[in-house]
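Quick note: residue numbers are just sequence positions, from 1. FYI, side chains are in, hydrogens and waters are out, and symmetry mates aren't considered; it's all heavy atoms of this structure.
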Amino acid sequence: MDSATAPLATVAAAPDAVNEKNSLPPSPSESKKSFNMNKLCRQVSIESPGAQVKNCVFNFFVPIEDTPEQGARIKIVCAGACYRRRDRSASITSMSSVSSDLSDYCPSITSQSSPAHAGVREGSFFPGFEVAGVIESLGSKVTEENNSGLRIGQRVIVYPFDEAPAGYAELLVVPDLKYVVPIPDSLPITVAAMLPTGALLAMNAVFKAQEVVTEMLKKRPTEEANKKCKILIVGTGGLALWAVRIASYHFASTGANNYIDVTVASLRDEGFRLATEIKNVSVVQWNECLYEPQLIERTKNVCGGPVDVVIDFGTTSRSLHRSMHCLNKGGVVLISDEVAEKLLPKFSRLSVEYQQQIIPISTGTVEQLRELVDLVADKKIEPPPHSVFPCEQAAEVIQKLCNSEIPGRAILRFHDVE
């Protein structure tokens, strides 16, 4: 086995936790279905432990296809604690990218069976969407004229394209170079690993919020033309902290801060402290010990009345219900399209009654990801706090995330290239 396919540094699972079937090479008929798969590479699945199996770290070998003619194969160096899946219709709830998303909104995680081990509830830490690494190989038809400036050994991140494989493996095959985004030397690869999903989703939400506000201002009566629009960002986990930082920069650079006020609804004391570090942002603490009417009244007092737009990164009915009560008639709530499928049917009647809109927000575009890389590399947008752990500590990281013991984001390092 060459260095590109050497086993990951030891995220050891208990012997009875390894799926022996998945350790076997594919049969000849299987390997010819769509691609040539002439290598095996180690895959790590980190899942929420079930009642019968306490170990949540699994290792097994999977076949890896040859580098596509017009694509690349990426050797993963760091992986963020990814929180979302693109295949929502058959989605498997994955571990949140942010500790607060787990502790504040997900007291229990229920989902489908694990592909790695029967009876284990899937909570895959690595759905394959939030990774940073180096280019291991380029396709046979990639030339100097069409390589988009990419080269073997270059540090990159990968846009979460639709066919991205579910489950972290040490090699990731990308069918088209348009999904591969280079990162400059000034950007640490651990920070880059946070950008492809969480930060990108936050950026897209902020951009959409400004679009909504612009349309609202066009419809305002003349006597209210100078009245500022109010945006409430719910949460102080990684998603919300990215959104606050991106909004602070974006609104200032576009002049939108002249007509937009931003408030953060903080879910924890630690988040309250972090949110107050951002300039020109008000903070209201959502203490879950209080009754809903008290929290809603407290929020309106801090915001100076009902808000016009809510960016809600919560994952429960309770969060969305509270957000709608803090919203003006005619207001808009922006939620991730990951939770929209579950929540929209429940709130469609209420949104009509309140004359409000609930709009799902997608991850974002490749162009936005490239812009985000430049902004973070140039330090125009500061990343939220994050902690880096060696892959050997994966099981401990999971436990700490569930107990909200890791501020901001958790990043696992699998290879050392810096």
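- For the pair N204 (side chain) and L201 (backbone), a donor-acceptor distance under 3.5 Å is absent.
- N328 pairs by the side chain to side chain donor-acceptor pair (under 3.5 Å) definition with D308, not counting sequence neighbours.
- Between K300 and E297 there is no salt bridge, since no side-chain nitrogen of the basic residue lies less than 4.0 Å from a carboxylate oxygen of the acidic one.
- Ion pairing between a basic and an acidic side chain is recognised when a charged N comes within 4.0 Å of a carboxylate O; E382 and R245 show no such pairing.
- Between the side chain of S351 and the backbone N or O of S348, at least one donor-acceptor pair lies under 3.5 Å.
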Pair W286, T299 - check side-chain hydrogen bond (donor to acceptor under 3.5 Å, both in side chains), show working. CA-CA 8 Å; W286 277 8; T299 304; 2.7 Å; yes
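- The residues R409 and E130 are annotated as salt-bridged, a charged nitrogen and a carboxylate oxygen being separated by less than 4.0 angstrom.
- For the pair Q154 (side chain) and R151 (backbone), a donor-acceptor distance under 3.5 Å is present.
- Using a 4.0 Å cut-off between charged nitrogen and carboxylate oxygen, E215 and K218 count as a salt-bridge pair.
- A donor-acceptor pair under 3.5 Å is absent between the side-chain atoms of D378 and the main chain of K380, judged by distance alone.
- Salt-bridge annotation for E69 and K141: present, with a side-chain N of the basic residue lying under 4.0 Å from a carboxylate O of the acidic one.
- Without hydrogens or angle criteria, Q356 side chain to M324 main chain gives a donor-acceptor distance under 3.5 Å.
- A salt bridge links K228 with D261: at least one charged nitrogen is closer than 4.0 Å to a carboxylate oxygen.
- Here the side chain of S336 pairs a donor or acceptor atom with the backbone of E338 at under 3.5 angstrom.
- There is no side-chain donor-acceptor pair under 3.5 Å between S362 and D337.
- The CD1 atom of I296 lies 11.5 Å from the CG atom of L327; values are rounded to the nearest 0.5 Å.
- No option in V156, V173, L171 other than V156 meets the side chain to side chain contact (heavy atoms under 4.5 Å, CB included) test with I74.
- The aromatic rings of H321 and F347 sit tilted relative to each other, their planes meeting at an angle between 30° and 60°.
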